[in-house]
Every structure is written in structure tokens, then in C-alpha cells.
Protein chains: 2
Amino acid sequence: MTTTQELTKNQSLVFNALARADGPLSAYTILDQLRGDGFRAPLQVYRALDKLLDYGMIHRLESINAFVACSHPHEHHHSHGMIAFAICDTCGQVTEFSDEIITGRVRDWTNSNGFKQSKTTIEIRGVCGNCASA
Amino acid sequence: MTTTQELTKNQSLVFNALARADGPLSAYTILDQLRGDGFRAPLQVYRALDKLLDYGMIHRLESINAFVACSHPHEHHHSHGMIAFAICDTCGQVTEFSDEIITGRVRDWTNSNGFKQSKTTIEIRGVCGNCASA
DNA sequence: TTGACTAATGTAATAACATCACATATCGAA
DNA sequence: TTCGATATGTGATGTTATTACATTAGTCAA
């Protein structure tokens, strides 16, 4: 398995838009950025986003309806830990981290309750260090 | 401070709709349920939901754009722990729990990164024990 | 090559979720 | 009673996401 997925044209366009952005983008923001590349409809973006999510190359931030490129593309987290996101409501910056203990505690809960987890979202909203001190 | 908030008419209607539901409801589902009570516009629902969220009487589930009545109305969690939700994608049932260790780990991370958290979302999606064994 | 299958794409329409802007009403305190 | 704060009513609009259907492109076996 290669590190990088083989992407189609639309998938590459969408991924690059996210990769060059300095923060999360909404699907419609991506659409607008790609109109010059021939994008005309939301579905062109959403289909690409779905695949990129499958491939683990991007993340969806549920609490702000937006998407970011994965900041640790080399670690293949799928196998083990879940990822937490700290989202600054002032500057929009997103920081990604994972924590074995949190992952373990969640797994403990699901195991003891017979709950089969498929995806776990952890999003911390607030103000980042930079913005707080400014 | 009383255990129960003094609610306005619209707030009561919305809260009761959520309290008698056996799972999360979307704002528009609530609207439809309350048309008989004179509700006509989304804003009537959203305004009530905002207040109920403020009061800590309900929760918003970010990953499914829906709302639930708080299942532990007596514990005043605001002070200490954050709440995690396990959401069954099959039956829609939501289970609420809190975990001191997870709360602590998140606080450790925010403290060491100078991040001032205002709200943290933890949502576990999957299939509950009942549905998994069925 | 043809045919058949699968994946990707294009497009319009619509559904689902949420807020803005502005008018009106209610209620308590000065 | 007048003022200010809170709550409400209503229409229009903004934002996010999906459905439905048509078309194109690539793969592979007969």
C-alpha cells in the first residue's frame, strides 16, 4: 500500500484546496474556489470529500460543518487511536491530537455497554493560545 | 437557584416535545410537532432551543443536527465534567455519560497548550447493544 | 472489437438545517 | 406610566447536503 492514494481529478482538486488552506473549509467554500476548474455543483465537492474521508486524508469537523486536510498524513491512525480536534473560534485554526488514554476510556465504555463504535468525534471549541494572549 | 428553570411558553413546549420523545429530534421535527400549538416558523423553535441549551436542560448532538433532553437533569455537570454521547445509528437511541479521566485528559491538553475551552463535544457513533444483538 | 460492468462525472432540482431583519407584545422596575 | 429588557411573530434569506437521472471513461473478459 502506497502512502498516497491514487486520486481522481476532482478528488485532487478538492484535496489540494484543503491542503493549501490554513484552516477548515466548508464544502461550498471549496466549490467557489474550484469554479475556475470547472466545478459547478455541490455534489462534485461532496463526492470527492466522501472519498477523501474514506481514504483518511481529510477530516470532517462536525461542530462547524467544515473539512480539513489531515495534519498527520503519515500516521495511520485508523488502526489505533481516535483523533481530537481543538478548534479556535477566533482564528479558525484547528489542532489535531490523539490520546491513548482517552481512546482507552472510550473503548472501555463501549465494551462494557456492548456498543459497537464506528466513528468517534471529539471537538474542543474555544480560543487558542495565540488568540487568548492577543 | 431552583432545580427547575422558569420557562416561557415556547420554551416549555419545546422542552416537553424533547422530554417525551424517546430519542433526539431535529429542530424541524419539533416545529412540525408544535404546529398544533401555534408554531409557524423555525425561529420559534431555535430561540427556545438556545435558551434550553443555556440552561443545560437539553443537549445538541452536533454529528446528527439534533437535540435531546438531558438525561441527568439533577447533576449539574456544568461545573465539572464534560458529557459524552453514544448514538445508535440503527435505533437512534442516545446514551449520555461522563468520565472524569477523559475530562481530565482533555483539560491537561488544553492547559498545556494554552487553549481556553468553552465547549467540548464527544460523540460516539455506532450500534448499541440491543441493535447489535438483534 | 464488442459488450458488459464499474467507477467517476455533470447537472438540475430539492431537501434539510439555520439565521437575518423587522415588527409587535409582554412584563418588571424606576 | 414610561422605559428597557425579554419574548414572540413572520417572511425572507442564507447555508449545508442529498436525490434523481443522464453521461462519460476505464477495465476486463469473451
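In the text below, chain A, chain B and the rest are named by the order of the sequence lines, each starting its count at 1. The shown structure was predicted, so the numbers you read here are calculated from the model rather than taken from an experiment. Below, all heavy atoms of this structure are taken into account, side chains as well, without hydrogens, waters or symmetry copies.
- Out of C:dC20, D:dT8, D:dT16, the shortest distance to the side chain of A:Y46 is found at D:dT16.
- Counted by atom type alone, B:T120 and B:Q117 present one or more donor-acceptor pairs between their side chains at under 3.5 Å.
- A donor and an acceptor atom sit less than 3.5 Å apart, one in the side chain of B:R47 and one in the base of D:dG9.
- Note: NZ (A:K9) to C1' (D:dG26) measures 16 Å, nearest angstrom.
- The distance between atom CG of B:N10 and atom P of D:dT6, rounded to the nearest whole Å, is 17 Å.
- Along DNA chain D, the nucleotide nearest A:I64 and the nucleotide nearest B:K51 are compared for position; the residue whose nucleotide lies closer to the 5' end is B:K51.
- At whole-Å resolution of the value, CD in A:E62 and C1' in C:dC17 are 14 Å apart.
- For B:H59 and B:F67, the distance between ring centers is not under 6.0 angstrom.
- In this structure, of D:dA7, C:dC17, C:dA12, it is C:dA12 that holds the atom nearest to the side chain of A:L43.
- A donor-acceptor pair is defined here as one N or O able to donate and one able to accept, closer than 3.5 Å; such a pair exists between the side chain of B:R125 and the backbone of B:S63.
- What separates CZ of A:F39 from C1' of D:dA17 is a distance of 16 Å, to the nearest Å.
- For the pair B:E6 CD and D:dT6 C1', the interatomic distance rounds to 15 Å; values are reported in whole Å.
- Taking the side chain of B:P42 as heavy atoms from C-beta on, and the options D:dG9, D:dT10, C:dT19, the nearest nucleotide is C:dT19.
- Taking side-chain N and O atoms only, B:Q44 has a distance below 4.0 Å to OP1 or OP2 of D:dG9.
- The CD1-P distance, from B:I30 to C:dA16, rounds to 16 Å in whole Å.
- B:Y28 contributes no side-chain N or O that forms a donor-acceptor pair with the base of C:dA15 under 3.5 Å.
- In terms of phosphate contacts, B:R60 brings a side-chain nitrogen or oxygen within less than 4.0 Å of OP1 or OP2 of C:dA18.
- Side-chain contact, B:T121 with A:E123: no donor N or O sits under 3.5 Å from an acceptor N or O.
- Put simply, CG on A:L52 is 13 Å from C1' on C:dA8, counting in whole angstrom units.
- Distance, B:D50 CG to C:dC20 P: 11 Å, rounded to whole Å.
- Dashed line: the shortest gap from a side-chain N or O of B:T8 to OP1 or OP2 of D:dT6 is not under 4.0 Å.
- The line from CG of B:D37 to CG of B:N10 is 9.5 Å long, rounded to the nearest 0.5 Å.
- Applying the 4.0 Å criterion to OP1 and OP2 of D:dA17, one finds that B:N65 has every side-chain N and O outside that range.
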